[in-house]
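What follows is one structure encoded as structure tokens, with my remarks underneath.
This structure is a prediction, so every number in the text was calculated from the model and none was measured. Because only heavy atoms are used, hydrogens play no part in the values below, and waters and symmetry mates are left out as well, while side chains stay in. So you know, we letter chains A, B, ... as the sequences are listed, proteins then strands, and number each from 1.
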There are 2 protein chains.
Amino acid sequence: MALDHAILVSLLERPGSGYELARRFERSIGYFWTATHQQIYRVLGRMVTDGLLLVREVEQQGRPDKKEYSVTGPGRAALAAWLHKPIEPESLRHDLAVKIRGAAFDDPAALIDEVERHRQAHRDRLAHYLAGELRDFTAPDAPAPQDAGQELQHVVLRGGIAYERMTIAWLDDVLATLHRLEAAGPGA
Amino acid sequence: MALDHAILVSLLERPGSGYELARRFERSIGYFWTATHQQIYRVLGRMVTDGLLLVREVEQQGRPDKKEYSVTGPGRAALAAWLHKPIEPESLRHDLAVKIRGAAFDDPAALIDEVERHRQAHRDRLAHYLAGELRDFTAPDAPAPQDAGQELQHVVLRGGIAYERMTIAWLDDVLATLHRLEAAGPGA
DNA sequence: CTTGTCTATGCAACGAGTTGCATAGCAGGA
DNA sequence: TCCTGCTATGCAACTCGTTGCATAGACAAG
């Protein structure tokens, strides 16, 4: 159900097409929620028939036409209702952790390359987030009162940054452990 | 597909019934993968017909009989194959972050209770993890060479601990931000 | 003028995950 | 005796999410 709400938030921040939403889900919104374009198009259609969104055909020059979606009153009300309803704390889904525990029944050292690949991916994401923070939240004005939306977007981004830093440190820990097991020798 | 592999790992660590697996998925394995008992029973059935698992009926005293599952050779091979196949780095799914950004279009202060509830839940989980670490990885022997399985389980648990600590710190940041916005007044 | 790339939308099929319900053995207490 | 609660297993229906495929306009490079 939360994809609906992520779409409402994103469209309230700025109306846009399904394609644009799909790209946002690879960037800012995608920091904490993912979705493919197929999923987005399907949900957009349902939300329009449910009256939560409004479509408008937009002709463009130099590229195909698009459908721009924006949030209706009922859409805004649906978001508000969700905001006031408690949700359960997150449950993790970490494939790599399953692999690490599974490595006990195979060769732990064989995981080293994989873990290093993940570590690099998280370093890249961290760099991307930090660049975005510099661009969007540090440059323009002094530590003056920004508007609420900006403050809230910033604190969410800080969460993404903290997550990546924590993950990189943990993967270093994992790598050190795997190297130690490798040095101890297989079957030791 | 990863639920299959999580089950294989858990059953290699110790054979057990569907019910026992469901409880493990609320504990150790559940630190990084979740599943309901319905999902587990369904997958267990499929894995038996696929020859990855073996069932054995076990009569019990004082409680209903159970079916104990254990991993076959092909099951072990399937796990090894997965371990050697690269996977994509994780994508986050964090409802609360969606709510926080959505709060810009509602009353940010109204989220404070919810965030505090989540913060408490994460503090509880952290305490639970730390107790488990003390019980399973600190008590018995000196910093001696443990076996690989223990080392790997420990490093995964350390990841869970780091995640909870990071999350609690971030939620403190979120709370400070929400209080600041509240003090600035609505519409400021 | 064909090929490739980016924008833009969508269907169909499948697999993963959730929710509600149902059954049943066994134990302890009201 | 009945009710509650824990252990133990499972079906049915539904929604969510992924994968593969298909279409099409516009532009740039070869």
Query raised in the report: Is B:E20 salt-bridged to B:R14, going by a charged N under 4.0 Å from an acidic O?
Result: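 Salt bridge flag = no for B:R14 with B:E20.
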Report task. State whether A:E114 and A:R117 are salt-bridged, where the test is any N-O pair (Lys NZ or Arg NE/NH1/NH2 against Asp/Glu carboxylate O) under 4.0 Å. Result ->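 Salt bridge between A:E114 and A:R117, a charged N being under 4.0 Å from a carboxylate O: yes.
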Query - Closest-nucleotide ordering on DNA chain D, the 5'-leading residue of A:T36 and A:Q60 - result: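 Upstream on the strand: A:T36.
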Report task. Between A:Q61 and B:R93, name the one whose nearest nucleotide on DNA chain D is closer to the 5' end. Result -> B:R93
Would you mind reading off the distance between [X] atom [atom1] and [N] atom [atom2], rounded to a whole angstrom?
| X | N | atom1 | atom2 | value |
| --- | --- | --- | --- | --- |
| A:E57 | C:dT7 | CD | P | 19 Å |
| B:L44 | C:dA16 | CG | P | 14 Å |
| A:I7 | D:dC16 | CD1 | C1' | 12 Å |
| A:L21 | C:dG10 | CG | P | 13 Å |
| B:I40 | C:dA16 | CD1 | P | 15 Å |
| B:H37 | C:dT19 | NE2 | P | 13 Å |
| B:K66 | D:dC6 | NZ | P | 19 Å |
| B:D65 | C:dT23 | CG | P | 20 Å |

**Report entry** Upstream residue (5' side of DNA chain C) when B:W33 and A:S17 are each assigned their closest nucleotide
**Finding:** A:S17
Does a side-chain N or O of [X] approach OP1 or OP2 of [N] to a distance below 4.0 Å, or not?
| X | N | answer |
| --- | --- | --- |
| A:Y41 | C:dG10 | no |
| B:Q38 | D:dT9 | no |
| B:Y19 | D:dT7 | yes |

Query raised in the report: Is the distance between the ring centroids of A:H122 and A:W170 less than 6.0 Å?
Result: no
Report task. Taking the side chain as every heavy atom from C-beta outward, state whether A:L111 and A:V174 have any atom pair closer than 4.5 Å. Result ->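 A side-chain contact under 4.5 Å is absent here.
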Query raised in the report: What heavy-atom pair brings A:L8 and A:L52 nearest, and what distance separates the two atoms?
Result: CD2-O, 4.4 Å
Side chain of [X]: nearest nucleotide among [options]?
| X | options | result |
| --- | --- | --- |
| A:R23 | C:dT7, D:dT7, C:dG17 | C:dT7 |
| B:R46 | C:dA16, D:dT19, D:dC11 | C:dA16 |
| B:P64 | D:dT7, C:dA8, D:dT19 | D:dT7 |

Report task. Check if the side chain of B:R42 and the base of C:dT18 share a donor-acceptor pair of N or O atoms closer than 3.5 Å. Result -> yes
